[in-house]
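Before any comments, here is the structure.
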There are 2 protein chains.
Amino acid sequence: MVTIKRIAELCGVSRGTVDRALNGRGRVNPDTAAAIHEMAEKLGYEPNPAGKALAARKHKPIVGVVIYSEGNPFFDEVLRGMEDAAKEYKIYGFQVVHHRMKGYSVEKQLTLLEEIQGGINALIISPINDPLIAKKLNEMVDAGIFVVTVNNDLEGTKRHSYVGSDYFNGGVTACALLQVLIGDIAQIGIVLGDRHVFGHALRLKGFQYRMQGVSKFQIVDIIEHEDDDFLAYDLTRQLFRNHPEVNAIASLAAGVYGICRAVMQLPAEKRPVVIAFDSVPTTVEMMEQGIIKAIIYQHPYRQGHLALDLAFNYLVKGHFPDCRAYILKNEIKLIENL
Amino acid sequence: MVTIKRIAELCGVSRGTVDRALNGRGRVNPDTAAAIHEMAEKLGYEPNPAGKALAARKHKPIVGVVIYSEGNPFFDEVLRGMEDAAKEYKIYGFQVVHHRMKGYSVEKQLTLLEEIQGGINALIISPINDPLIAKKLNEMVDAGIFVVTVNNDLEGTKRHSYVGSDYFNGGVTACALLQVLIGDIAQIGIVLGDRHVFGHALRLKGFQYRMQGVSKFQIVDIIEHEDDDFLAYDLTRQLFRNHPEVNAIASLAAGVYGICRAVMQLPAEKRPVVIAFDSVPTTVEMMEQGIIKAIIYQHPYRQGHLALDLAFNYLVKGHFPDCRAYILKNEIKLIENL
DNA sequence: TTGTATGCGTTATCAA
DNA sequence: TTGATAACGCATACAA
């Protein structure tokens, strides 16, 4: 096993010098630094995380988590994954501070970021799609903060990595799943939160892409409910009035419970096949009642855990993420394998 | 953060004494030991894995892996998970030695275990269901070896934990999936390796249990192919000859490629709906060709990784597994979300 | 039965 | 610009 000590001996310098050279702390002769780097490279030096952790205990890196999670049960599991990871890493002097948000207010998220900016070493955020947020994230990266986006990405920013699901494939899978459930002929109502939300739009695109393979699938309407269950309820009822021929509902976002309550008002034989995303408690309840036939599941727990893993690996182990984006699989769940 | 040093100070003894008391190394006055234990309990002492790892570097714990993996592509992913975990833990002086086996010979596994018994600190094994193996595992546990069973459990032994899939639920899910794919009426051929293999039998049970909910599902035959693709091929062809009414095939074990090759000989309009387990390369190929409609997936990579995690947590961190069994979910995969 | 000293690999401080 | 030294938490050989 190759250590700083070994490198120091081989290069004929002290461990302190090797440390400074390898970690770019300055105050070291460029020539010796080059020699040290070369030697480390040659021997395949990998810093020992145990030693690092032990020595870093006075540092106590702080991770800020900013998620618009209030009232959004999807994030409960994401947060549980983060908490489990945090517990695991606490021993390394690793602190996680949560900042939950209610809505999608750009100003609120922005001021929150400004508030915590000075006190964190890493940021895990589900960012709102807005140029101001993007700019702020870039600013924080420049200030040396390790930034991971979760569940929603801001491409084109300097964020170090992204953890989330594959939205386009989610739409593709939803369409394929519907075909499996209903056969080759369907009059489909699509329900989502907002066509301008990145993830929703991408799922819709995926759905439409996959629909090209099924000539007798027709989208009769696309409803936008702003992630509000009651609006979803009203609009879905309206959909059934305007389009009694609808025999399939694809819910691509939240608002699932509202949709289902509207479906339940139809007589059993007229109810469409319903599929949805995410196994939040109300959705599970609707599966148990047979209203929803199948869902697509996006490993929320693992999303949360993985995001914190990345921060830990960077801050404690000094490991840069392997990928710029960690995209988890879409899974299909029936009530039987929930 | 509470450390051995702190406990030593508070108890008015030396760190060495605390270490001996807490780790049961003997040579310590029962009274002081009791006081130390009490203090540790009160303060919620958790040994720091970084310190432990650092101090234990001379020990180099060795993990032996015994898996009948040769010629069984399912285990390729399991092994990949193990290898990734091993790479991650190598820095802690953690060594993994693989022992692949070809068949299911009890004697071979037994002699292999005897060979390696003396040289390992932990054992990860997919054990053959046999009293002799069970006895040997108990013996190894008694000798202080940490034992984890993978993919196949030996209940009633002293093994510390099990990592694998939920076989009964896999069968339940397979039946539900078939219903989704084909509707409420089906003449089903069940194909498995050996009715006496624990996992296969349990899946069959699960399938039959779920069938109670579908009055017009009928099992016309149950084929056993001993995990041999060519035997599977012959027997499946025979099935089609004897039962031309078969419109669904549920493959509950290996031999998938043989089954599919038999299916491909039927004219397209007479081909049954086929479902299978595990996304091994030949199975994926058959999905791409449309022969298999859907599969059930059991997170093989995670099984392998998790098994090694448990060994690492025990040997390096001193953490006993939280559960006596880690049962991963069955997932449903269409070609779209593979 | 108990305490002391040393080392594991890394980082930080201080002196040279 | 460098090197020596102490510290992090734990384990252990050895001394008392």
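So that the names make sense, note that chain A is the first sequence line, chain B the second, and so on, each numbered from 1.
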Are OP1 or OP2 of dC8(D) and a side-chain N or O of Lys5(B) less than 4.0 angstrom apart? yes
If the plane angle is over 60° it's perpendicular, under 30° parallel, otherwise tilted; pick one for Phe146(A) and Tyr314(A). parallel
Nearest listed nucleotide, side chain of Ser14(B), among dG9(C), dG3(C), dT1(D): dG3(C)
Hey, does the side-chain of Arg6(B) have a donor or acceptor N/O within less than 3.5 Å of a partner on the base of dG9(D)? no
When you measure from the side-chain N and O atoms of Thr17(A) to the phosphate of dT2(D), is any distance below 4.0 Å, counting only OP1 and OP2? no
Using a 4.0 Å heavy-atom cut-off, does Arg25(B) contact any base of the nucleic acid, only the sugar-phosphate backbone, or nothing at all? sugar-phosphate
By nearest heavy atom, map Gly51(B) and Arg15(B) onto DNA chain C; which one lands nearer the 5' end? Arg15(B)
Can you name the residues that form a salt bridge (charged side-chain N to carboxylate O under 4.0 Å, His left out) with Lys136(B), not counting sequence neighbours? Glu114(B), Glu139(B)
Please figure out whether Val2(B) or Arg27(B) has its closest DNA chain D nucleotide nearer the 5' end. Val2(B)
Would you indicate what Asn29(B) reaches in the nucleic acid, counting non-hydrogen atoms under 4.0 angstrom: base, sugar-phosphate, or nothing? sugar-phosphate
Salt bridge check: are Arg80(B) and Glu83(B) linked by an N-O gap of less than 4.0 Å? no
Applying salt bridge (charged side-chain N to carboxylate O under 4.0 Å, His left out), name anything that partners Asp142(B), two or more places apart in sequence or on another chain. Lys158(B)
